[in-house]
Amino acid sequence: VQLQAFGGGLVQVGSSLKLNCAASRRTVGVYNMGWFRQAPGRDREFVAGMRQSVGSTYYADSVKGRFTISGSRSQNTMYLQMNALEPEDTAVYYCAAGRISGARNSDHYDYWGQGTLVTVSS
């Protein structure tokens with residue numbers, strides 16, 4: 001499975017941005033999908049996940065209520081809608097796919113996209 005994340009950019013505090021993760025073949029509804037991010041000098045951290053049952057989602061506390069993960073089976077694409085962005089959200093965002101339902105640990109994901117940079121300016 002090849003994943004490609006895109007949609008990042010430079011935005012101001014309080015803005016919204018939608019990330020996309022396109023897959024080379026069917027992933028939504030087959031794999032547990034996730035978004036991770038890595039800020040400069042920090043470890044990669046879990047952001048949001050979507051279980052094989054599309055619509056069953058889970059989030060890191062830091063983004064709960066602001067970010068929404070979703071996916072389209074027909075488009076083989078996963079999304080991350082990010083609202084009310086904060087400077088602390090600045091990071092490279094990665095999409096990933098794995099077989100362990102509900103996974104939050106990056107070690108439990110088998111396939112990774114190349115990352116897309118989100119910069120939130122104050």
Side-chain angles (χ1 to χ4, degrees):
V1 177
Q2 293 182 328
L3 303 174
Q4 184 176 7
F6 58 96
L10 173 63
V11 297
Q12 294 187 334
V13 170
S15 298
S16 297
L17 200 61
K18 188 173 186 177
L19 303 183
N20 300 263
C21 177
S24 59
R25 57 183 175 90
R26 187 179 174 193
T27 51
V28 175
V30 176
Y31 292 88
N32 191 88
M33 305 294 292
W35 286 98
F36 288 76
R37 66 186 181 187
Q38 186 166 18
R42 301 187 64 177
D43 293 335
R44 188 172 298 188
E45 65 174 358
F46 168 79
V47 175
M50 181 169 61
R51 296 181 178 87
Q52 288 87 337
S53 300
V54 178
S56 177
T57 59
Y58 52 105
Y59 300 90
D61 288 343
S62 59
V63 306
K64 197 174 296 183
R66 299 188 298 122
F67 290 12
T68 302
I69 186 173
S70 61
S72 169
R73 284 193 176 100
S74 61
Q75 301 286 337
N76 287 338
T77 302
M78 177 176 65
Y79 309 98
L80 184 68
Q81 176 67 47
M82 304 185 294
N83 298 327
L85 283 162
E86 305 168 350
E88 293 74 22
D89 296 317
T90 295
V92 176
Y93 283 71
Y94 299 89
C95 58
R99 297 189 180 276
I100 299 177
S101 182
R104 295 175 181 260
N105 189 322
S106 60
D107 290 342
H108 295 159
Y109 286 82
D110 303 305
Y111 307 102
W112 291 84
Q114 84 289 359
T116 184
L117 176 62
V118 173
T119 303
V120 184
S121 172
S122 57

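Keep in mind that the numbers below use all heavy atoms, side chains included, and drop hydrogens, waters and symmetry copies.
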Using every non-hydrogen atom in the two residues, find where Tyr79 and Trp35 come nearest and quote the distance to one decimal. O-NE1, 3.3 Å
Quick one: closest heavy-atom pair of Ala97 and Met33, and the distance? CB-SD, 3.6 Å
Would a hydrophobic clustering, with Ile, Leu, Val, Met, Phe, Trp and Tyr connected at side-chain separations under 4.5 Å, put Met82 with Val13? yes
From Gln81 atom CD to Asn20 atom CG, the distance as rounded to the nearest 0.5 Å: 10.0 Å
Could you tell me whether the side chains of Arg99 and Tyr31 share a donor-acceptor contact shorter than 3.5 Å? yes
Judged by atom type as modelled, is there a donor-acceptor pair below 3.5 Å linking the side chain of Arg104 to the main-chain atoms of Tyr59? yes
Heavy-atom nearest pair, Cys95 first then Met78, reads CB-CE, 3.5 Å
Shared ILVMFWY cluster between Met50 and Leu3, side chains joined below 4.5 angstrom? yes
Roughly how far apart are Gln75 CD and Cys21 SG, rounded to 0.5 Å? 13.5 Å
For residues 108-116, which side-chain N or O atoms pair as donor and acceptor with protein atoms under 3.5 Å away, sequence neighbours left out?
unit_1, atom_1, unit_2, atom_2, d
Tyr109, OH, Asn32, ND2, 3.0
Tyr109, OH, Tyr58, OH, 3.3
Tyr109, OH, Ala103, O, 2.8
Gln114, OE1, Ala5, N, 3.2
Gln114, NE2, Ala5, O, 2.8
Thr116, OG1, Gly8, N, 3.0

Go through the structure and list residues passing salt bridge (charged side-chain N to carboxylate O under 4.0 Å, His left out) with Asp61, not counting sequence neighbours. Lys64
Shortest non-hydrogen pair, Tyr93 vs Val47, comes out as CE2-CG2, 4.3 Å
Got a second to check how far Asn83's CG is from Lys18's NZ, nearest 0.5 Å? 10.5 Å
Which distance, rounded to the nearest 0.5 Å, do you find between the CD1 of Ile100 and the CD of Gln52? 10.0 Å
Transitively linked via ILVMFWY side-chain contacts under 4.5 Å: Val11 with Val63? yes
Taking a hydrophobic cluster as the set of Ile, Leu, Val, Met, Phe, Trp and Tyr residues connected by side-chain heavy atoms closer than 4.5 Å, whether directly or through intermediates, do Val30 and Val1 fall within one such cluster? yes
Can you tell me how far apart CZ (Arg37) and OG (Ser62) are? Round to the nearest 0.5 Å. 4.5 Å
Would a single hydrophobic cluster contain both Phe67 and Phe46, if residues Ile, Leu, Val, Met, Phe, Trp and Tyr are joined by side-chain heavy-atom contacts under 4.5 Å? no
Answer yes or no: is there a donor N or O on one side and an acceptor on the other, between the side chain of Thr90 and the main chain of Val120, under 3.5 Å? yes
